[in-house]
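Order of listing sets the numbers, starting from 1, for every ligand and every atom in it. Computed from a predicted model, the values in this text were never measured in an experiment.
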Amino acid sequence: MKDLIRPAYNAGGYVFATKAADIARSAGYERPARLASNENPYPPPPEVLEPAGAALQNANRYPDECSMNLRAALKEKFGNFSYVSGVGMDGVIETVIRTTIGKGDKVVVSTPTFSFYRLAARAYGGEVIDVPRNDDFSVDIGRLSDEAADSGAKLIFLCSPNNPTGNVIPKNDVEKILKSIDGMLFLDNAYVDFCDEDYIPLMNKYDNLIIGRTMSKYYALAGMRVGFGIVPGWFEEYYERAQTPFVLNTVSMAAAAAALRNDSYTARYLSIVREWRERFINESPYPTSGGGANFVMFDVSPYKGDEVVEMLARRGVIVRSCASFPGLGDHYIRVSIGEPWENEIFLKELNSL
Ligand SMILES: *Cc1c(COP(=O)(O)O)cnc(C)c1O
């Protein structure tokens with residue numbers, strides 16, 4: 001029967017950090033420090049949970065297919081642009097690819113970076129062209145633009161702040177890319193809330209830019225699976241045609257709209273991120289990269305990333321090995337900033353490996 005499966009799925013899919021959690025559990029840690037998935041460690045506040053609970057009462061009805069409430073909240077917060085939504089930003093990425101990419105179409109990815117662009121593009125028959133970043137993980141703008149132009153790429157994926165390297169691409173550089181490409185730029189801003197750059201004004205000037213955002217990190221709604229895209233006006237209706245009907249559920253939409261209207265509670269989280277990001281960088285015995293996201297990447301050589309993940313898991317700290325990120329060496333780990341007690345244990349254990 002297995003020959004029924006499409007070749008795109010013969011090799012491995014998305015890599016989850018479950019192995020480390022298993023190790024921590026068998027080492028006797030009921031409540032390990034969970035620093036592998038870049039989540040907000042604090043649960044959403046009552047102002048978000050109440051409307052979500054109330055929405056549950058309408059579970060017998062299909063959700064609002066226009067996401068009016070969510071759309072209104074997005075416009076209030078980010079301005080009068082065109083918005084699309086999806087099951088997490090992963091859903092948005094997948095739908096953008098489904099809207100644009102068919103067999104043999106070229107997709108340029110600035111690597112090392114988030115792996116889902118590649119997985120999703122390949123699933124639709126896209127041909128992925130990796131354009132490596134510089135040694136310090138900054139983007140070689142000329143090279144990225146040239147590869148995009150030479151290959152006739154329809155889509156270019158650029159992540160800023162980048163996962164897993166954490167660095168921020170200056171807005172001017174993004175603008176240079178937008179000016180030089182024929183295809184569309186998907187700018188993944190999953191972590192933009194944790195840095196000082198604001199790319200949204202670019203939406204006023206370019207009709208080939210999509211900004212991807214998520215409610216999973218800063219807004220503490222990873223379990224609700226809501227992502228959105230700020231898209232050029234012309235693109236919205238095509239995206240809607242490609243989208244699965246009723247893709248966002250009633251409860252998730254209510255939670256997301258409330259969180260967007262009520263993000264004051266995230267201030268505490270942001271200040272913890274800023275404080276501990278500095279401490280991770282300053283108190284690490286290993287070189288670090290990043291400073292724009294809610295995580296830091298560590299170069300743990302001469303150890304391998306996988307080894308360090310295992311060692312830390314045995315001490316009750318779950319972090320992410322970066323070995324599965326194509327184009328990155330095998331000697332990096334990525335560590336989310338969690339609650340202070342979690343950060344404290346991590347720093348202590350990292351310093352005593
Ligand atoms: C977490 C993440 C996403 C997607 O998150 P969702 O939970 O699907 O919204 C997208 N891009 C990057 C770089 C991420 O780290």
| message | Is there a polar contact, in the sense of an N or O pair closer than 3.5 Å, between Val226 and ligand 1? | response |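 Min N/O separation from ligand 1 is not below 3.5 Å for Val226.
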| query | Does the N or O separation between Thr214 and ligand 1 drop below 3.5 Å for any pair? | reply |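 Checking ligand 1 against Thr214, an N or O pair does fall under 3.5 Å apart.
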Contact check, side chains of [X] and [Y], non-hydrogen atoms, under 4.5 Å:
| X | Y | answer |
| --- | --- | --- |
| Phe346 | Phe280 | yes |
| Val251 | Met224 | yes |
| Met89 | Phe186 | yes |

What is the nearest protein non-hydrogen atom to [atom], stated with its residue, atom name and distance?
| atom | result |
| --- | --- |
| atom 8 (O) of ligand 1 | Arg225 NH2, 2.8 Å |
| atom 1 (C) of ligand 1 | Lys217 NZ, 1.3 Å |
| atom 13 (C) of ligand 1 | Asp188 OD2, 3.3 Å |
| atom 4 (C) of ligand 1 | Asp90 OD1, 3.3 Å |

| said: Yes or no: does Ala222 have any heavy atom under 4.0 Å from an atom of ligand 1? | reply: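 Not so, Ala222 does not reach ligand 1.
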| message | If the contact criterion is a heavy-atom separation under 4.0 Å, does Ser216 count as touching ligand 1? | response |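 For ligand 1, residue contact (heavy atoms, under 4.0 Å) with Ser216 is present.
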| task | Return the orientation label for the Tyr62 and Phe246 ring planes: parallel under 30°, perpendicular over 60°, tilted otherwise. | result |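 Parallel.
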| query | Quick one: CG on Asn162 to OG1 on Thr113, what's the gap to the nearest 0.5 Å? | reply |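 Nearest 0.5 Å value for the CG-OG1 distance: 4.0 Å.
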| field | Rounded distance (nearest 0.5 Å) linking atom CG of Leu178 with atom CG of Leu185 | value |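 Leu178 CG to Leu185 CG: 5.0 Å, rounded to 0.5 Å.
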| request: Could you note down all residue pairs passing side-chain hydrogen bond (donor to acceptor under 3.5 Å, both in side chains) where residues 40-56 supplies at least one of them, sequence neighbours left out? | output: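 For residues 40-56: none.
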| Cys159: numbered ligand 1 atoms lying under 4.0 Å from its heavy atoms |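 Once the distances to Cys159 are compared, the set is 13 (C).
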| request: Could you list the atoms of ligand 1 found under 4.0 angstrom from a heavy atom of Tyr191? | output: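 Within the 4.0 Å cut-off of Tyr191, ligand 1 contributes 1 (C), 13 (C), 14 (C), 15 (O).
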